[in-house]
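All values below come from the heavy atoms of this structure, side chains included, with hydrogens, waters and symmetry mates left out.
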Amino acid sequence: MRKFSATVALLILLCPPAMFALADGAADAPEDGSAICYALSGASYEDAARFTTAEALPGGCSAADCAAYLRGEADSALTAAVSQRLYTDSPENTARALLRLSVGYPLYGGLSFTECREIPMIDDGYVLELDCNYNLHGFVTSDAPITSVTATITHGVHNGSLYPYVRTVSFTPEQNITCYDINEVPEGGKASLNNLTKFSSLRYGPQTLVITATSTEQTEPVELVRADFTIEKQRWLQLAQTYFSDNYSQALAFFGDPERFLFRYRWRGGRGIVLDPQWRSEYLVEDVWGRVHKDAQPYFEQARQYIDNTFFRVSGAEHDTGVLPLSELVIKNDGTCIARFISSRKYVSHHSLGTVVDLNADLSPNKQRARNRSIIYDAVKNHLVYNGIKADENGTKYYDFTYTGGYRNAVKEVPPEIVNYLLYELAFYRAGFRWGFYFDSSDAMHFTLTESRREYFEEGAYALRKVYEYIGD
């Protein structure tokens, strides 16, 4: 079931042909999975929403602007300003926001729920395999402080110690939470509503999920989501969109067809899985790197060519590598296709897809630790200087760098903090890969085709790209 707001219903009554014409011609959703919920630079999304009124927008917002939007003639600056403050680009949400602003209310009205495009909310008729999770994503919004969000699951047959299954996240009015991401741990909290709601602990059979919320203005629970679903026992489980951690759209963009990466699987123990033999036989191939997806093999081959044919030099502080082949920095290949979920068993590891390789995992800066992002960033941004392309006495062209930081635990006279950066800058980036350095937990050993974004390397808070012209181009 999807809730349909009264404000939008009013707009449809006022001008139904225009409303449906607009919905049919709506622009495509942004490709960036993170753009599902627009990030506002310099302020949190709660602050941006809380202080948005008509007076804060270019030219204000009137009833005439609402009508113009329904006709598809709205002022682009106005709609852009509104959409920047929303967490979806749907016509319904934009129309609702414009109507509220035109009558003097803040951006958000009463309690409402906005779906995540990357992982949609479970819907009527959904069939979930026994012992599997479904990840709840989306936003609860309100113009008054939210005080609680609750997920309740009832069973069509059973009651007792497990049912009704109820999980709640609570807030104080003083926290002034007006937008809550149900997949995020609230400030001062221990777990998100998603983490608290463990579908894998439920019995098989018919179930109903209801998500409700309260606020300081709406003290009785308001139903935001209701869905009837079924849990069944199955020998083989089916990988689905909900098992991707906000990166399903990136995997789909790479593969083009869901059948090429949404495989069947069985649990093997812990977080390990057994891949469907038919899928494995059809799509996985052996490569010099290990077993990879056949769609990914050309990218891996290109990266290998760059590594085998690229030379570099790092000097400074009485250290000098001399001119070395980049392959000297591939100290250890820690694996490509490894069939597993991440440690929480909630999301699939992209190693299972055959689109990832881990390199040099034993180097401390490459381990999956949030603090390693600052360590690598400081080393590359503040201590590594790129001097351009040079040639040695034999005419061999190489990329020349100077490093002014420390050389503790250097590898081939290269500080460990910059080893995988050099591999990414000079080979994997050129071959179309993304880098796990940009994960929230920082995972610099991880080179991937279906997660993160290449743009992070080029611009933004942790941009590190230094080389813009390549030997042989």
Side-chain angles (χ1 to χ4, degrees), residues 118-120 122 125-135 198-204 229-304 332-359 361 431-434 436 443 445-451:
E118 196 71 32
I119 301 182
I122 196 168
Y126 191 88
V127 177
L128 183 67
E129 292 84 5
L130 186 67
D131 297 327
C132 287
N133 271 311
Y134 191 98
N135 292 298
K198 300 185 183 299
F199 285 79
S200 60
S201 66
L202 302 176
R203 298 179 181 179
Y204 69 90
F229 64 100
T230 302
I231 295 180
E232 295 183 354
K233 295 180 179 178
Q234 297 187 14
R235 173 175 169 79
W236 284 98
L237 309 177
Q238 178 63 54
L239 189 66
Q241 185 172 352
T242 187
Y243 301 125
F244 287 77
S245 180
D246 288 338
N247 48 42
Y248 174 82
S249 62
Q250 295 173 54
L252 181 60
F254 178 79
F255 289 108
D257 182 352
E259 291 187 2
R260 302 185 75 83
F261 68 100
L262 293 185
F263 48 73
R264 296 190 308 158
Y265 66 96
R266 294 202 314 264
W267 289 109
R268 189 180 61 192
R271 59 178 176 142
I273 58 176
V274 176
L275 299 174
D276 174 10
Q278 182 177 349
W279 182 89
R280 187 175 64 235
S281 175
E282 182 174 357
Y283 290 112
L284 297 183
V285 297
E286 290 296 332
D287 184 82
V288 65
W289 293 101
R291 183 170 288 184
V292 301
H293 196 288
K294 66 181 183 181
D295 292 349
Q297 188 177 26
Y299 297 87
F300 279 102
E301 289 179 348
Q302 184 67 74
R304 185 80 250 182
K332 182 184 178 185
N333 180 341
D334 294 284
T336 50
C337 183
I338 305 171
R340 67 190 184 196
F341 273 51
I342 64 173
S343 55
S344 67
R345 297 204 352 164
K346 293 180 74 68
Y347 300 108
V348 69
S349 165
H350 285 236
H351 276 284
S352 303
L353 309 182
T355 59
V356 173
V357 63
D358 284 348
L359 298 177
F433 284 75
R434 295 91 181 268
D443 190 8
M445 72 178 78
H446 194 89
F447 301 95
T448 173
L449 290 163
T450 49
E451 307 158 271

Side chain to side chain donor-acceptor pair (under 3.5 Å) pairs, two or more places apart, involving residues 333-342: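 Passing the test, one end in residues 333-342: K332-D334.
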Side-chain H-bond candidate by donor/acceptor type, T448 with H350, under 3.5 Å: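 The answer is no; no qualifying pair exists.
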Taking the side chain as C-beta and beyond, is there a heavy-atom pair between [X] and [Y] under 4.5 Å?
X: W289; Y: C337; answer: no
X: L202; Y: Y134; answer: no
X: L284; Y: W279; answer: yes

Those residues that, when tested against T230, pass side chain to side chain contact (heavy atoms under 4.5 Å, CB included) (two or more places apart):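 T230 satisfies side chain to side chain contact (heavy atoms under 4.5 Å, CB included) with E232 once adjacent residues are dropped.
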Residue pairs, two or more places apart or on separate chains, that pass salt bridge (charged side-chain N to carboxylate O under 4.0 Å, His left out) and touch residues 261-272: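 Salt bridge (charged side-chain N to carboxylate O under 4.0 Å, His left out) check on residues 261-272 returns R264-D276.
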Please check if atom [atom1] in [X] has more than 12 non-hydrogen atoms from other residues, nucleotides or ligands closer than 6.0 Å.
X: Y126; atom1: OH; value: yes
X: E286; atom1: CD; value: yes
X: Y299; atom1: OH; value: no

F244 and F261 aromatic ring geometry - parallel, tilted or perpendicular at 30°/60° bounds: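 Aromatic pair F261/F244 classed perpendicular.
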Mutual orientation of the aromatic rings belonging to Y265 and F263 [parallel < 30°, tilted 30-60°, perpendicular > 60°]: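 Aromatic pair Y265/F263 classed perpendicular.
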Exam field: side chain S352 to backbone S349, donor-acceptor pair closer than 3.5 Å: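 Yes; at least one donor-acceptor contact below 3.5 Å.
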Check: N135 side chain, K346 main-chain N or O, donor-acceptor pair, under 3.5 Å: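 Present.
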